[in-house]
Amino acid sequence: MASLEGKVAVVTGASRGIGKGIALALASEGATVYVTGRTVAHGEHALPGTVGETAQACSKRGGKGIAVRVDHSSDSDVAALFDRVREEQGRLDVLVNNAFSLPDDLTEQKPFWEKPLSNWEMIDVGVRSNFVAAWHAAQIMTPQSSGLIVAISGYTGVAYTYGVVFGTSKSAVDRMSRDMAIELKPHGITSLSLWQGLTLTERAERNLENIPGLKGGAATRPDDACSPEFPGRVIAALASDPQVLRYSGGTFITAELAQEYGVKDIDGKVVPSLRGSRGAPLWAPIDD
């Protein structure tokens, strides 16, 4: 029996990239995965991938993928998603808040006042969207007295990376996860944040190929990178752990949790922690 058989997960922003990798990893352990994103047809995004393709791939992995077109800047879209999960499944075991609005000029080396104010979209879909999804998820999870809410964050929570709004958004996500954990603890629900390093998504591989000097950056060294499924493998381990509540409220480096659980990347690689060069999380579990 797969470790997540009978479990229901929502992974936001999973048309491609980290979200897709997480959805596939959870499905590989037997989970039913609701795959959300805005891309439903080829050509709607410059990069490949649709929610339907991810859902189909999840079903081929042994779980069940369910594609739902969701714009995570739309409260009504998000409400409809969780209403559907409640109606179809009657439960929710895992929410992965991965959706994030990455501006095209993210990696351009310009100060914040020379970038457009529209960069604030990273707060709208990346921070506020996390809160809205968790708000709905908690209303399903609290009656069942169980659940896991994971926010995808990164070393930029403490280390300057690309720009002001990017760092601000990830710092906010980490703190939000901790404060949610305090309020969710009486209900047996775990909330935590995971720090990803360079993940070889479609966008990352395009940028590494096309932006001169990017491969030499502290945050973008290919030797330190992992596949998009790596964080999903760690989340699957967390979701299968009967003692997962001990981690609630903490911010964790994905690579370090992987070592605790004995998780490796899809190619057998032990993904390195960049704690020494990129910084350490600020938030420990609330029970520490």
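Numbers here are sequence positions counted from 1. A quick note: this is a predicted structure, and the numbers were derived from the prediction, not measured.
- With sequence neighbours excluded, the residues that form a side chain to side chain donor-acceptor pair (under 3.5 Å) with Ser76 are Ser74.
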### Task
Go through the steps for Thr12 and Val70 under the test side chain to side chain contact (heavy atoms under 4.5 Å, CB included), then give the verdict.
CA-CA 8 Å; Thr12 72; Val70 178; over 6 Å; no
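- Residues forming a ring pair (Phe, Tyr, Trp, His ring centres under 6.0 Å) with Phe230 (at least two apart in sequence, or on another chain): none.
- Under a 4.5 Å side-chain heavy-atom cut-off, the cluster of Ile, Leu, Val, Met, Phe, Trp and Tyr residues that includes Trp283 is completed by Tyr155, Val158, Trp195, Ile253, Leu274, Leu282.
- Take Glu108 and apply the side chain to side chain donor-acceptor pair (under 3.5 Å) test, not counting sequence neighbours, and it matches Lys110.
- Here Ser273 pairs with Glu256 under the side chain to side chain donor-acceptor pair (under 3.5 Å) rule; sequence neighbours left out.
- Applying the salt bridge (Lys or Arg N to Asp or Glu O under 4.0 Å) definition to pairs two or more places apart or across chains, those involving residues 111-133 are Asp75-Arg128.
- By the rule that hydrophobic residues join a cluster once side-chain heavy atoms approach within less than 4.5 Å of another member, Val173 and Val132 end up as members of one cluster.
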### Query
Ser28 and Arg233: side chain to side chain contact (heavy atoms under 4.5 Å, CB included), yes or no, with the steps?
CA-CA 9 Å; Ser28 295; Arg233 290 183 165 204; over 6 Å; no
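- With a 6.0 Å radius and a threshold of 12 heavy atoms from other residues, nucleotides or ligands, Asp288 has its CG atom above the threshold.
- Legend: residues meeting salt bridge (charged side-chain N to carboxylate O under 4.0 Å, His left out) with Arg69, ordered by chain and number and at least two apart, are Asp77.
- For Thr36, the side chain to side chain donor-acceptor pair (under 3.5 Å) partners at least two apart in sequence or on another chain are His72.
- For residues 32-46, no pair satisfies salt bridge (Lys or Arg N to Asp or Glu O under 4.0 Å), with sequence neighbours left out.
- For residues 75-103, the pairs satisfying ring pair (Phe, Tyr, Trp, His ring centres under 6.0 Å) are Phe82-His136, Phe100-Phe166, with sequence neighbours left out.
- Shown here are the salt bridge (charged side-chain N to carboxylate O under 4.0 Å, His left out) partners of Arg16, two or more places apart in sequence or in another chain: there are none.
- In this structure, a donor-acceptor pair under 3.5 Å is absent between the side chains of Asp241 and Tyr247.
- Applying the side chain to side chain contact (heavy atoms under 4.5 Å, CB included) rule to Thr168 yields the partners Ile123, Val164; only residues at least two apart in sequence or on another chain are considered.
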